[in-house]
Amino acid sequence: MIAAGNEEKNLPDLIHDLVNQEYPMNKLEIIFVNDRSSDATGGILTEAAENYAFIKHIRIDERSSELSPKKHALTLGIEAAQGDIIVSTDADCRVPKFWVSSMARSEERRVGKECRSRWSPYH
């Protein structure tokens with residue numbers, strides 16, 4: 001999950017990194033929450049969601065009166081997520097191709113057999 005606000009310069013690289021993960025694509029869900037961007041962020045995310053079935057684009061048009069912008073974006077992303085494990089990065093970051101699989105394996109080791117039998121892409 002990625003909260004993004006006016007990140008048009010950073011998104012193409014991050015999207016490239018995420019769609020090229022060494023992880024089963026049928027087990028991957030990428031959620032971008034576009035927080036009131038006034039640049040080309042929305043268009044970039046809409047195109048990515050159209051090109052990749054595992055990418056979701058959530059758009060925030062108004063500021064929350066109860067939460068900070070980033071907390072609001074992350075809350076909406078968590079509510080939309082369908083997976084068992086949620087990992088997050090910032091829109092201005094780059095991630096290596098084994099980022100998702102290493103995070104999943106780390107959680108698998110932490111939780112143990114119960115989690116592994118329930119969701120592991122490697123079974």
Side-chain angles (χ1 to χ4, degrees):
M1 178 174 31
I2 303 95
N6 292 326
E7 295 285 353
E8 68 183 3
K9 292 179 182 167
N10 298 312
L11 286 173
D13 287 336
L14 179 58
I15 291 168
H16 175 269
D17 291 349
L18 292 171
V19 301
N20 288 293
Q21 288 294 295
E22 288 290 328
Y23 195 79
M25 291 297 136
N26 65 331
K27 302 275 186 182
L28 185 63
E29 176 184 40
I30 300 171
I31 301 171
F32 283 97
V33 184
N34 177 9
D35 188 10
R36 301 170 292 127
S37 296
S38 58
D39 65 0
T41 293
I44 292 167
L45 295 178
T46 296
E47 182 178 344
E50 290 171 353
N51 290 331
Y52 300 98
F54 54 89
I55 294 181
K56 290 183 183 176
H57 173 202
I58 299 171
R59 187 174 142 184
I60 298 175
D61 292 319
E62 295 182 23
R63 187 178 179 138
S64 170
S65 61
E66 300 169 7
L67 299 171
S68 70
K70 186 153 188 177
K71 284 183 182 179
H72 184 224
L74 294 176
T75 298
L76 292 177
I78 289 168
E79 289 172 354
Q82 296 180 7
D84 293 324
I85 296 175
I86 298 173
V87 295
S88 180
T89 189
D90 290 330
D92 61 350
C93 290
R94 300 292 307 265
V95 295
K97 70 180 184 174
F98 293 103
W99 180 66
V100 172
S101 61
S102 68
M103 298 296 258
R105 283 192 183 113
S106 175
E107 181 65 7
E108 186 175 62
R109 282 192 300 271
R110 188 184 74 77
V111 175
K113 285 185 177 180
E114 175 198 356
C115 183
R116 186 170 42 251
S117 66
R118 194 174 80 233
W119 64 265
S120 178
Y122 303 104
H123 295 300

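What you see below is based on every heavy atom in this structure, not just the backbone, and it leaves out hydrogens, waters and symmetry mates. A quick note: this is a predicted structure, and the numbers were derived from the prediction, not measured.
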Would you please name every residue forming a side-chain contact (heavy atoms from CB on, under 4.5 Å) with Y52, sequence neighbours left out?
V19, F54, I55
In terms of hydrophobic clustering (I, L, V, M, F, W, Y; side-chain heavy atoms under 4.5 Å; direct or indirect links), are I31 and I15 co-clustered?
no
What pair of heavy atoms forms the shortest contact from P69 to D35, and how long is it?
CB-OD2, 3.2 Å
Report the distance from atom CZ of R105 to atom OH of Y23, rounding to the nearest 0.5 Å.
9.0 Å
With hydrophobic residues grouped by side-chain heavy-atom distances under 4.5 Å, do V87 and L76 end up in a single group?
no
Taking only residues two or more places apart in sequence or in another chain, which ones pass salt bridge (charged side-chain N to carboxylate O under 4.0 Å, His left out) with D92?
none
Flag the pair S37 / N34 as yes when at least one side-chain heavy-atom distance between them is below 4.5 Å, and no otherwise.
yes
Sorted by chain and number, sequence neighbours left out, salt bridge (charged side-chain N to carboxylate O under 4.0 Å, His left out) with R94 holds for D13, D17
I'd like to check the side-chain contact (heavy atoms from CB on, under 4.5 Å) partners of A53; sequence neighbours left out, ordered by chain and number.
none
Quick one: side-chain contact (heavy atoms from CB on, under 4.5 Å) partners of L14, sequence neighbours excluded?
I2, L18, F32, T89, V95
Can you pull out every ring-ring contact (aromatic ring centres under 6.0 Å, His included) where at least one residue sits in residues 70-108? Sequence neighbours excluded, please.
none
Can you name the side chain to side chain donor-acceptor pair (under 3.5 Å) partners of D61, sequence neighbours left out?
R59
All heavy atoms of E29 vs all of Q82, minimum pair found to be OE1-N, 2.9 Å
Do Q21 and P96 have side-chain heavy atoms sitting under 4.5 Å apart?
no
Check whether any side-chain heavy atom of I60 sits under 4.5 Å from a side-chain heavy atom of V33, and report yes or no.
yes
Below 4.5 Å, heavy atoms only, C-beta onward: do I30 and L28 meet side chain to side chain?
yes
Restricting to side chain to side chain donor-acceptor pair (under 3.5 Å), what partner residues turn up for R63, sequence neighbours left out?
none
Under 3.5 Å, which donor-acceptor pairs link side chains of residues 41-50 to any protein atom two or more places apart or in another chain?
| unit_1 | atom_1 | unit_2 | atom_2 | d |
| --- | --- | --- | --- | --- |
| T41 | OG1 | E7 | N | 2.8 |
| T41 | OG1 | E8 | N | 3.2 |
| T41 | OG1 | D39 | OD1 | 2.7 |
| T46 | OG1 | G42 | O | 2.9 |
| T46 | OG1 | H57 | ND1 | 3.3 |

Scan for salt bridge (charged side-chain N to carboxylate O under 4.0 Å, His left out) pairs involving residues 68-81, sequence neighbours excluded, and state none if there are none.
K70-D90
Would a 4.5 Å heavy-atom cut-off, applied to side chains only, mark I78 and M1 as touching?
yes
Can you tell me how far apart CD (E107) and OG (S102) are? Round to the nearest 0.5 Å.
12.0 Å
